[in-house]
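In this text the structure is predicted, and so the values were computed from the model without any measurement.
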Amino acid sequence: AQSVTQPDIHITVSEGASLELRCNYSYGATPYLFWYVQSPGQGLQLLLKYFSGDTLVQGIKGFEAEFKRSQSSFNLRKPSVHWSDAAEYFCAVGGYKLSFGAGTTVTVRA
Amino acid sequence: EAQVTQNPRYLITVTGKKLTVTCSQNMNHEYMSWYRQDPGLGLRQIYYSMNVEVTDKGDVPEGYKVSRKEKRNFPLILESPSPNQTSLYFCASSGTAGGYGYTFGSGTRLTVV
């Protein structure tokens, strides 16, 4: 069965500092992997996706993620966080049957 | 504008009173899905559909029904809602077998009292 684990429930980061969100997945084949962001009271927006090719993928809003098959991980990074990045972030694996992690809430302090 | 539209955005109902949450997409997508979001649990898939008249259960289908009579519409039906179905519901659609990710609607906040 496919599943996603996001080990960090909540992360606080200073504005301008770097951010890394962890994601570990379980999937029986080459996975489709996604990161979504949800701002308070909003729906989910796709940040980036991976399904083949270069293991370092670029997304919107300055985010990137690296797929590491040996570690079953797909961690999300941003070099310099802005206050508007405060949100909840979800990692997901699968295709039309898409499984999500429990999410990581990011707080940005001034 | 390409979008997934859910209605209503907010709904308060009583236990046992049948309700339908509508979902429509204007992107001619084959795949559609319903999720519920609960604190600490992330999003869990209720049902998904691969095309008209083709639906399948997700991880938490109990207490829900769906239908896909037209490509653009995928309503979620709660025949006899219970308080444990109080949640935030999202409809989503995708034009491939999920390989490009789902586009999500704005959500429906359902409260069952």
Side-chain angles (χ1 to χ4, degrees), chain A residues 1-10 21-27 29-53 57-60 63 65 67 74 76 87-105, chain B residues 1-7 9-10 21 23 25 27 29-51 54-61 66 68 74 87-109:
Chain A
Q2 61 192 53
S3 66
V4 175
T5 301
Q6 293 181 246
D8 304 304
I9 297 173
H10 189 210
L21 303 181
R22 296 182 291 164
C23 171
N24 294 100
Y25 68 89
S26 174
Y27 195 75
T30 300
Y32 291 162
L33 291 158
F34 307 87
W35 275 99
Y36 285 85
V37 61
Q38 184 181 31
S39 297
Q42 303 296 313
L44 281 84
Q45 181 182 23
L46 180 65
L47 281 176
L48 47 77
K49 56 186 178 281
Y50 169 82
F51 37 90
S52 66
V57 294
Q58 303 296 321
I60 62 171
F63 284 91
F67 170 58
F74 188 57
L76 181 72
E88 190 162 18
Y89 293 79
F90 293 95
C91 181
V93 66
Y96 55 82
K97 187 169 172 53
L98 192 62
S99 297
F100 284 80
T104 299
T105 299
Chain B
E1 180 188 354
Q3 60 185 356
V4 177
T5 303
Q6 297 177 228
N7 281 296
R9 289 294 308 275
Y10 301 91
V21 183
C23 174
Q25 51 94 2
M27 296 167 280
H29 284 169
E30 290 82 14
Y31 295 87
M32 297 187 75
S33 185
W34 276 101
Y35 286 85
R36 61 176 289 173
Q37 183 180 15
D38 301 289
L41 297 177
L43 284 87
R44 293 177 292 167
Q45 196 170 42
I46 303 171
Y47 270 95
Y48 57 93
S49 169
M50 290 77 83
N51 214 324
V54 183
T55 63
D56 204 353
K57 296 177 181 178
D59 297 317
V60 289
V66 293
R68 187 93 181 272
F74 191 45
S87 187
L88 179 59
Y89 291 87
F90 287 101
C91 180
S93 72
S94 176
T96 67
Y100 290 95
Y102 275 107
T103 299
F104 282 80
S106 298
T108 296
R109 173 76 65 182

> Can you tell which part of Q37(B) gets under 4.5 Å to a heavy atom of chain A, answering side chain, backbone, both or neither?
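The answer is the side chain of Q37(B).
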> For Q38(A), is it the side chain, the backbone, both, or neither that has a heavy atom closer than 4.5 Å to a heavy atom of chain B?
side chain
> Under the side-chain contact (heavy atoms from CB on, under 4.5 Å) rule, collect the residues that match up with Q2(A), sequence neighbours excluded.
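Only Y27(A), V93(A), K97(A), S99(A) meet the side-chain contact (heavy atoms from CB on, under 4.5 Å) criterion with Q2(A).
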> Under 4.5 Å heavy-atom distance to chain B, tell me which part of E88(A) shows up: side chain, backbone, both or neither.
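Side chain only.
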> Does some side-chain heavy atom of Y102(B) sit less than 4.5 Å from a side-chain heavy atom of F34(A)?
no
> Tell me, please, which residues at least two apart from L41(B) pass side-chain contact (heavy atoms from CB on, under 4.5 Å).
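Testing L41(B) for side-chain contact (heavy atoms from CB on, under 4.5 Å), a comparison that skips the adjacent residues, returns D38(B), R44(B).
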> Does the side chain of L98(A) reach to within under 4.5 Å of the side chain of Y35(B), using non-hydrogen atoms?
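They are in contact (side-chain heavy atoms under 4.5 Å apart), so the answer is yes.
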> Chain A heavy atoms under 4.5 Å from M50(B): which part of the residue, side chain, backbone, both or neither?
side chain
> Give a yes or no on this: more than 12 heavy atoms of other residues, nucleotides or ligands lie within 6.0 Å of atom CD1 of I60(A).
yes
> Quick check: do L44(A) and L43(B) have side-chain heavy atoms less than 4.5 Å from each other?
yes
> How close do G40(B) and A102(A) get, heavy atom to heavy atom, and via which atoms?
O-CB, 3.5 Å
